[in-house]
Amino acid sequence: MMDTENERAGEEDGDFEDWVDEEAVPTKCLFTERVFASAADCINHASETHGLDLVALARRLKLDTYGCVRLVNFTREIAARSNATPEKVVSEVEAGAASGGSPRPWE
C-alpha cells in the first residue's frame with residue numbers, strides 16, 4: 001500500500017518533462033544570454049549544445065518538480081560565476097549528482 005501512495009504522490013508532483021512542457025514561456029539559456037521560446041527548447045539546447053541533459057539527470061535522480069526547480073537554480077548559480085564555462089558547470093552538476101549522498105548540493 002505504501003508504494004501505491006508514493007506512486008500517486010509522484011504522479012501529482014509530475015516529472016521534469018511534465019514541468020517543462022506546460023506552456024511556452026520565454027526561457028534564458030542556463031549558460032548564455034540567449035532566450036528560447038520555451039523551457040523545452042532551452043532544455044534541449046542545454047543537452048545538445050552544452051552536454052547537460054537535465055531530463056535524463058532528473059529521471060536518474062528521481063526528482064520531483066520541486067527537485068527539478070532546485071537543480072535548475074543550482075545550475076544557474078554555478079553558471080553565473082565569472083569563471084564558469086559550460087564544461088565546468090556540467091562537471092559540477094554531474095559531480096553533485098554522483099555524490100550519492102543526501103543532501104545533494106542543490107537540496
Side-chain angles (χ1 to χ4, degrees):
M1 182 147 171
M2 194 70 144
D3 289 335
T4 305
E5 289 175 16
N6 289 338
E7 287 172 8
R8 271 193 235 123
E11 289 172 8
E12 290 173 13
D13 288 337
D15 63 14
F16 198 83
E17 287 180 320
D18 293 337
W19 177 69
V20 168
D21 291 335
E22 289 209 6
E23 61 183 70
V25 175
T27 305
K28 183 179 170 286
C29 176
L30 296 167
F31 304 99
T32 68
E33 295 300 314
R34 185 173 173 189
V35 176
F36 294 88
S38 68
D41 291 344
C42 182
I43 297 301
N44 288 335
H45 167 79
S47 178
E48 294 170 5
T49 304
H50 302 293
L52 180 61
D53 190 341
L54 290 169
V55 174
L57 187 59
R59 278 190 191 136
R60 187 171 82 224
L61 299 174
K62 298 179 176 136
L63 299 179
D64 61 9
T65 300
Y66 186 63
C68 292
V69 170
R70 291 188 299 190
L71 174 60
V72 168
N73 288 340
F74 175 73
T75 304
R76 287 194 187 281
E77 179 183 317
I78 296 168
R81 297 178 191 158
S82 61
N83 63 345
T85 62
E87 294 80 16
K88 194 175 220 178
V89 173
V90 171
S91 176
E92 285 194 45
V93 170
E94 288 291 343
S99 68
S102 187
R104 289 195 159 63
W106 52 84
E107 294 177 324

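We number each residue from 1, following the sequence as shown.
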A side-chain contact here means heavy atoms from C-beta on lying under 4.5 Å apart; do V93 and L71 qualify? yes
Taking all heavy atoms of [X] and all of [Y], pick out the closest pair and write down the distance.
{"X": "L57", "Y": "A97", "result": "CD1-CB, 3.5 Å"}
{"X": "K28", "Y": "R76", "result": "O-NH2, 2.8 Å"}
{"X": "A79", "Y": "A84", "result": "O-CB, 3.9 Å"}
{"X": "A24", "Y": "S38", "result": "CA-CB, 3.9 Å"}

Contacts of type side-chain hydrogen bond (donor to acceptor under 3.5 Å, both in side chains), residue H50, not counting sequence neighbours: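 So H50 forms a side-chain hydrogen bond (donor to acceptor under 3.5 Å, both in side chains) with H45.
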Who passes side-chain hydrogen bond (donor to acceptor under 3.5 Å, both in side chains) against S91, sequence neighbours left out? none
Rounded to the nearest 0.5 Å, what separation is found between the [atom1] atom of [X] and the [atom2] atom of [Y]?
{"X": "I43", "Y": "T27", "atom1": "CD1", "atom2": "OG1", "value": "8.0 Å"}
{"X": "L54", "Y": "C42", "atom1": "CG", "atom2": "SG", "value": "8.5 Å"}
{"X": "F31", "Y": "I78", "atom1": "CZ", "atom2": "CD1", "value": "9.0 Å"}
{"X": "L30", "Y": "L52", "atom1": "CG", "atom2": "CG", "value": "7.0 Å"}

Under a single-linkage definition using a 4.5 Å side-chain heavy-atom cutoff for Ile, Leu, Val, Met, Phe, Trp and Tyr, are V72 and F36 assigned to the same hydrophobic cluster? no
Excluding sequence neighbours, so at least two apart, what forms salt bridge (charged side-chain N to carboxylate O under 4.0 Å, His left out) with R34?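 Testing R34 for salt bridge (charged side-chain N to carboxylate O under 4.0 Å, His left out), a comparison that skips the adjacent residues, returns none.
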For E48, salt bridge (charged side-chain N to carboxylate O under 4.0 Å, His left out) partners two or more places apart: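 In terms of salt bridge (charged side-chain N to carboxylate O under 4.0 Å, His left out), with neighbours along the sequence ignored, E48 is linked to no residue.
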Contact list for residues 89-100, test salt bridge (Lys or Arg N to Asp or Glu O under 4.0 Å), sequence neighbours left out: R60-E94, R81-E92
I'd like to check the side-chain contact (heavy atoms from CB on, under 4.5 Å) partners of T85; sequence neighbours left out, ordered by chain and number.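 T85 satisfies side-chain contact (heavy atoms from CB on, under 4.5 Å) with E87, K88 only.
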Show every ring pair (Phe, Tyr, Trp, His ring centres under 6.0 Å) that has at least one partner inside residues 72-99, sequence neighbours left out. F74-W106
